[in-house]
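In each ligand, atom 1 is the first atom listed, and ligand 1 is the first ligand listed. Numbers here simply count residues along the sequence, with the first being 1.
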Amino acid sequence: MAGSPHNQLEYEASDDPYCYPGTTVLKNVPDIRDAAALEQFEIALTTQRGREPFPSGRLSATHYKAIHRHLFQDVYPWAGRFRTVRIHKGSSTFCYPENIDGEMRTLFAWLRKQRLLQDLTSVEFATAGAHFLAELNAIHPFREGNGRTQLSFLALLATKAGHPLRLRRLDPATFMAAVIESFRASEAALAAVVLDLIGLEN
Ligand SMILES: Nc1ncnc2c1ncn2[C@@H]1O[C@H](COP(=O)(O)OP(=O)(O)OP(=O)(O)O)[C@@H](O)[C@H]1O
């Protein structure tokens with residue numbers, strides 16, 4: 001999450017049109033050319049935007065884009081728009097750009113069919129919420145900012161479903177390990193993290 005070490009987690013992309021030529025620094029609104037300075041700016045501005053009310057919506061794919069746009073509007077000119085390049089992290093290759101729109105439609109149709117995960121027990125919500133997060137992460141629709149958008153959206157979903165998240169309990173390293181595990185093998189660890197965030201009170 002914001003502030004996590006980016007060393008081996010950085011996207012690897014050659015000739016990435018999102019970056020300044022010959023660098024891995026993403027082109028950005030204030031035209032910052034230094035990676036560390038950009039990271040600091042990004043954390044500061046997205047934290048500030050994260051404290052503001054989020055755009056309202058129907059918890060749809062369009063709403064998901066609006067949340068990314070809200071968080072990253074000061075940082076990236078493409079905030080709120082799906083990526084057009086292939087990306088991977090470590091050994092995980094995310095959805096090819098030509099399939100993102102269709103995969104997002106399929107995932108959000110599933111979410112609607114599941115009635116936005118309402119009327120579920122805590123354990124049921126955690127299991128379904130983890131599946132939703134795992135799928136979202138496998139799609140990774142944005143060039144940057146997927147983690148923060150995933151969690152912001154899950155928090156909205158959880159509140160609407162009556163299981164508000166206590167995000168102060170989130171341990172970024174545990175969360176990331178569980179997300180990576182969900183990509184490779186099992187969603188169980190991620191469900192346990194979500195359950196811990198909502199508690200067992202209902
Ligand atoms: N090797 C990996 N395989 C699958 N998912 C990964 C891997 N490494 C990190 N992730 C997940 O990718 C998401 C982060 O994506 P991205 O870097 O686009 O978001 P961010 O908001 O910019 O970063 P962060 O979440 O670190 O603040 C997190 O959910 C993280 O757990």
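Under a 4.0 angstrom heavy-atom cut-off, Phe142 registers as lying outside contact with ligand 1. Taking a 4.0 Å cut-off on heavy atoms, His88 fails to register as neighbouring ligand 1.
Applying the 4.0 Å criterion to heavy atoms of Val179 picks out, from ligand 1, the atoms 11 (C), 29 (O), 31 (O). In summary, the atoms of ligand 1 found under 4.0 Å from a heavy atom of Gln150, numbered by their order in the structure, are 29 (O). Near Ile180, the atoms of ligand 1 lying under 4.0 angstrom from a non-hydrogen atom of the residue are 1 (N), 2 (C), 3 (N), 6 (C), 7 (C), 8 (N).
Distances from atom 9 (C) of ligand 1 to the heavy atoms of Arg143, Arg148, Lys89 show the closest one on Lys89. The closest non-hydrogen atom to atom 19 (O) of ligand 1, taken over Ala177, Gly147, Ser182, comes from Gly147. Of the candidates Glu42, Arg83, Glu144, Met176, Met176 brings a heavy atom nearest to atom 30 (C) of ligand 1. With atom 13 (C) of ligand 1 as the reference point, the heavy atom nearest to it among Asn137, Leu136, Ile43, Thr93 is part of Asn137.
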Using residues 150-161 as the side-chain source, report each donor-acceptor pair under 3.5 Å to any protein atom, sequence neighbours left out, with the distance given to one decimal.
residue: Gln150; atom: NE2; partner: Asn137; partner atom: OD1; Å: 2.9
residue: Ser152; atom: OG; partner: Arg148; partner atom: O; Å: 2.8
residue: Thr159; atom: OG1; partner: Ala155; partner atom: O; Å: 2.9

Enumerate, atom names and distances included, each donor-acceptor pair closer than 3.5 Å involving a side-chain atom of residues 168-175, sequence neighbours excluded.
residue: Arg169; atom: NE; partner: Asp196; partner atom: O; Å: 3.0
residue: Arg169; atom: NH2; partner: Asp196; partner atom: OD1; Å: 2.6
residue: Asp171; atom: OD2; partner: Thr174; partner atom: N; Å: 3.2
residue: Asp171; atom: OD2; partner: Thr174; partner atom: OG1; Å: 2.3

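Here the two rings, on Phe183 and Phe94, have centers that are under 6.0 Å apart.
Using a 4.0 Å cut-off between heavy atoms, Phe94 contacts ligand 1 through its side chain alone, with no backbone atom that close.
Shortest non-hydrogen contact noted between Ser56 and His63 is C-NE2, 3.5 Å. Taking both residues in full, the closest heavy atoms of Phe41 and Asp74 are given as CE2-O, 3.5 Å, listed atom of the first, atom of the second, then distance.
Note on Tyr96: it does not cluster hydrophobically with Leu107, by side-chain heavy-atom contacts below 4.5 Å among ILVMFWY residues. Following chains of ILVMFWY side-chain contacts shorter than 4.5 Å, one cannot reach Tyr76 starting from Val29, and the two form parts of different hydrophobic clusters.
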